[in-house]
Amino acid sequence: MRNELLAVNGIGPETADCILVYALDKPFFIIDNYTRRILHRIGFELPTGYDKLRLMLEHNIPPNITTYQQYHALLVEHAKNYCTQIPRCQHCPLSECCHKKIE
């Protein structure tokens, strides 16, 4: 199903995975800029390429649709509130483990 979505002009991996996760209840971990930003700032070495990172996370997080939806929603919420392009580190709950925190 994912390959069929990716074959549609204008649908890339992130959009395909959003459709699969939220509309079709299929367990695919959504990789977006928020996810990359947060993981990078807390010290993860990120593989290049969307699918390499997606597969790495899927390998380490049990394939459960609710879990994937909640992870994605929490990452988006955290990035919007704290881990913005110019981080707001003062009250960030991840500041203890963040490698990029700004004092």
Side-chain angles (χ1 to χ4, degrees):
M1 199 177 305
R2 186 174 192 264
N3 288 333
E4 290 176 32
L5 287 168
L6 291 171
V8 175
N9 187 31
I11 295 182
E14 182 182 340
T15 302
D17 293 344
C18 284
I19 292 168
L20 290 165
V21 169
Y22 290 111
L24 302 174
D25 289 333
K26 301 292 181 190
F28 284 85
F29 200 96
I30 299 165
I31 304 300
D32 54 22
N33 286 336
Y34 298 136
T35 302
R36 284 190 164 283
R37 182 186 308 146
I38 293 167
L39 292 177
H40 173 72
R41 286 183 179 164
I42 61 173
F44 279 83
E45 287 193 33
L46 303 179
T48 56
Y50 181 97
D51 285 320
K52 285 182 182 179
L53 180 54
R54 179 183 61 81
L55 292 171
M56 181 183 87
L57 291 173
E58 288 177 0
H59 178 74
N60 289 286
I61 301 170
N64 177 284
I65 187 65
T66 303
T67 301
Y68 285 4
Q69 289 172 338
Q70 288 177 348
Y71 263 86
H72 182 249
L74 290 169
L75 286 165
V76 169
E77 192 66 22
H78 181 80
K80 286 183 175 183
N81 288 306
Y82 303 104
C83 204
T84 56
Q85 286 185 345
I86 299 172
R88 299 181 202 137
C89 302
Q90 186 176 11
H91 300 290
C92 176
L94 298 178
S95 64
E96 297 272 332
C97 65
C98 186
H99 295 208
K100 304 290 182 186
K101 72 178 158 185
I102 297 172
E103 300 296 330

Under the side chain to side chain donor-acceptor pair (under 3.5 Å) test, which residues partner His72, sequence neighbours left out?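 For His72, the residues satisfying side chain to side chain donor-acceptor pair (under 3.5 Å) (neighbours in sequence not counted) are Tyr22, Asp32.
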
Can you name the side chain to side chain donor-acceptor pair (under 3.5 Å) partners of Tyr82, sequence neighbours left out?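 By the side chain to side chain donor-acceptor pair (under 3.5 Å) rule, Tyr82 matches no residue at all.
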
What pair of heavy atoms forms the shortest contact from [X] to [Y], and how long is it?
| X | Y | answer |
| --- | --- | --- |
| Cys89 | Ser95 | O-CB, 4.0 Å |
| Thr35 | Ile31 | CG2-CD1, 4.3 Å |
| Thr48 | Arg36 | C-NH2, 4.4 Å |
| Cys83 | Arg41 | SG-NH1, 3.1 Å |

Supply the atom-to-atom distance [X] [atom1] to [Y] [atom2], rounded to the nearest 0.5 angstrom.
| X | Y | atom1 | atom2 | value |
| --- | --- | --- | --- | --- |
| Ile42 | Cys92 | CD1 | SG | 9.5 Å |
| Phe29 | Met56 | CZ | CE | 9.5 Å |
| Tyr50 | Leu55 | OH | CG | 10.0 Å |
| Lys26 | Ile19 | NZ | CD1 | 14.0 Å |
| Ile65 | Gln70 | CD1 | CD | 10.5 Å |
| Ile38 | Leu75 | CD1 | CG | 4.5 Å |

Are the side chains of Glu14 and Ile30 in contact, using a 4.5 Å heavy-atom criterion?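 They are in side-chain contact.
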
Report yes if the side chains of Pro13 and Leu6 come closer than 4.5 Å at any heavy-atom pair, otherwise no.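 Yes, their side chains come closer than 4.5 Å.
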
Transitively linked via ILVMFWY side-chain contacts under 4.5 Å: Tyr34 with Ile61?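 Unlinked, Tyr34 and Ile61 end up in two clusters.
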
Is there a path from Leu24 to Val21 through hydrophobic residues (I, L, V, M, F, W, Y) whose side chains come within less than 4.5 Å of each other?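 Both belong to a single hydrophobic cluster.
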
Under the 3.5 angstrom rule, does the side chain of Arg54 hit a backbone N or O of Phe28 as a donor-acceptor pair?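 No: the side chain of Arg54 does not pair with the backbone of Phe28.
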
Do side-chain atoms of Arg88 reach the backbone of Asn81 as a donor and acceptor pair under 3.5 angstrom?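 Yes; judged by distance alone, with no hydrogens or angles, the pair exists.
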
Counting only heavy atoms not in Asn33, do more than 12 fall under 6.0 Å of its CG?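 No - once you tally the heavy atoms of other residues, nucleotides and ligands closer than 6.0 Å, there are 12 at most.
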
Tyr68 and Glu58: CA distance, side-chain angles, deciding distance, side chain to side chain contact (heavy atoms under 4.5 Å, CB included) verdict: CA-CA 9 Å; Tyr68 285 4; Glu58 288 177 0; 3.6 Å; yes

